[in-house]
Protein chains: 2
Amino acid sequence: MEQEVIPAPAAAQKGRPREFCVDKALAEALHVFWSKGYDGASMTDLTEAMGITKPSLYAAFGNKEALFHKALDLYEQEKLEYTRAALEQPTARGVAEYYLRGGVDVHAAEGEPHGCMGLISSLACSPEAESIRADVIRRRASSQHALVERFERARAEGDIPAHIDPEGLTSLLYAILQGITVQADAGASREELERLVDTSLALWPSA
Amino acid sequence: MEQEVIPAPAAAQKGRPREFCVDKALAEALHVFWSKGYDGASMTDLTEAMGITKPSLYAAFGNKEALFHKALDLYEQEKLEYTRAALEQPTARGVAEYYLRGGVDVHAAEGEPHGCMGLISSLACSPEAESIRADVIRRRASSQHALVERFERARAEGDIPAHIDPEGLTSLLYAILQGITVQADAGASREELERLVDTSLALWPSA
DNA sequence: CCTGTTCCATAACGGTCGGTATATAATATG
DNA sequence: CATATTATATACCGACCGTTATGGAACAGG
């Protein structure tokens, strides 16, 4: 039996080519979800921002929920990069400062929605958006876990005092970060947030 | 001209008496708004929990928005009493501890919704709920202002170090509190939140 | 050209939203 | 009893929700 030839690998598009860029449309969808939250973003909001019709959206992304998960992937990848870079800072204080200043940069940036997309979409959500909420909480727990390990290492290295609980310190750092995004969403100025960060670092435990 | 007699002062009810207790109905409405947020609470959710019909609700409370403002009044009065009591603590550390432990008590209480009603209702809201959001932000700013003054007094009294900015410290304490309510909403246990508070207090500046 | 396939545009689906018109029931007053 | 007033119950309003059926347009391969 003869082996079939491998079909065109790059783009064996058989039918009518789509008239929009999937990546650009997803970036627009991200912007809408970030501004309005999952429930607050209507399909009309999304299609108008993405410049496509509803059938095109459903064909390309599945449905609203699948679109959100993809947008959240993009958000984590592009906007939350600082949370991974922070872990590589040499000292625990450096980690905290990277986290907090990175959080202010991302969640109070000019020309972008203020606040945290995940928090906005998960704090209050309709029953049918429960999977959205669960996804956000799961991702947050994963990220938080990495920070706990980083602070445990810091304590072992004598980088933070022995009487400080790494899990408590992690919860605290996340709480401050969440507060920053909440206050950014409420319209706090960059100066206010930077003073918040400065004060946080002034209280940070010295080894 | 003769003076008219004063009408029955207690309850000069002329028509059919209402069959429900306004205060109890409002308390049920508060519970629904606290659980689901302003946008997430539908009129059906509200009327079912309150045990009344929609026309009764509109006759007694105006509309959904007016009902929310009244529920928020009740919430502040009954649940946020700790924020006022905190200010009367003798030391800045006492104020902070009262704030944080009070926040955990209220926002992670058994048998009540977890999280902060104001935050849940204001973080992401539809365009027509913008007045809700503005109300929450205004009340928060007012409460925050009182805390700034308390910490300014504390610094003047040498209760907190001179190099600590009272406004920054206030923003920080609020951020931690907001983070507590966010994590409570996400399902954090009381033990986790208490460790967060313990760690916060461990870092609190000593005079 | 013809067929198959994929995409786009329009319009519509059932369902829910906040809010209300209508009619009836229950009280006070005369 | 008659009337005025207020509350209740039912049913409905237009608008919007997420989703999809339908029909035509744009491409590839034969």
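The sequence lines fix the lettering, A, B, ..., with proteins before strands; numbering per chain opens at 1.
A129(B) comes within 4.0 angstrom of nothing in the nucleic acid, heavy atoms only. Using a 4.0 Å heavy-atom criterion, one finds that E19(A) contacts the sugar-phosphate atoms exclusively.
A donor-acceptor pair shorter than 3.5 Å cannot be found between the side chains of D165(B) and T199(A).
To the nearest angstrom, P of dT20(D) lies 16 Å from CZ of F61(A). Rounded to an integer number of Å, the gap from NZ of K54(A) to P of dT20(D) is 11 Å. What separates CE of M50(A) from P of dA9(C) is a distance of 14 Å, to the nearest Å. For the pair L57(B) CG and dA9(D) P, the computed distance is 13 Å after rounding to whole Å. Following rounding to the nearest Å, D39(A) (CG) and dG18(D) (P) show an atom-to-atom distance of 9 Å. Y58(B) has its OH atom 17 Å from the P atom of dA9(D), to the nearest Å. Summarising the geometry, the separation between CD1 on I52(A) and C1' on dT6(C) is reported as 15 Å, rounded to the nearest angstrom. Following rounding to the nearest Å, E128(B) (CD) and dG19(C) (C1') show an atom-to-atom distance of 13 Å.
K64(A) has a side-chain polar atom (N or O) that falls below the 4.0 Å cut-off from OP1 or OP2 of dG18(D). In this structure, R16(A) does not reach the dC8(C) phosphate: none of its side-chain N or O atoms is under 4.0 Å from OP1 or OP2. Contact between the side-chain N/O atoms of S56(B) and the OP1/OP2 oxygens of dT8(D) is found at a separation under 4.0 Å.
Residue R18(B) has its side chain nearest to dA7(D) when only dA7(D), dG18(D), dT6(C) are considered.
DNA chain C is contacted by both T53(A) and N63(B); T53(A) maps to the nucleotide lying nearer its 5′ end (nearest heavy atom per residue). Sequence order on DNA chain C of the closest nucleotides to P17(B) and Y38(B) puts Y38(B) first from the 5' end. Both P55(A) and M43(A) sit near DNA chain D, but only M43(A) has its closest nucleotide nearer the 5' end.
Using a 4.0 Å cut-off between charged side-chain N and carboxylate O, E194(A) and R190(A) make a salt bridge.
In terms of modelled atom types and a separation under 3.5 Å, the side chain of T181(A) and the main chain of Q178(A) share a donor-acceptor contact. Formation of a donor-acceptor pair under 3.5 Å by the D105(B) side chain with backbone atoms of G102(B) is not found in this model.
Ring planes of Y38(A) and F68(A): perpendicular class, angle over 60° (limits at 30 and 60°).
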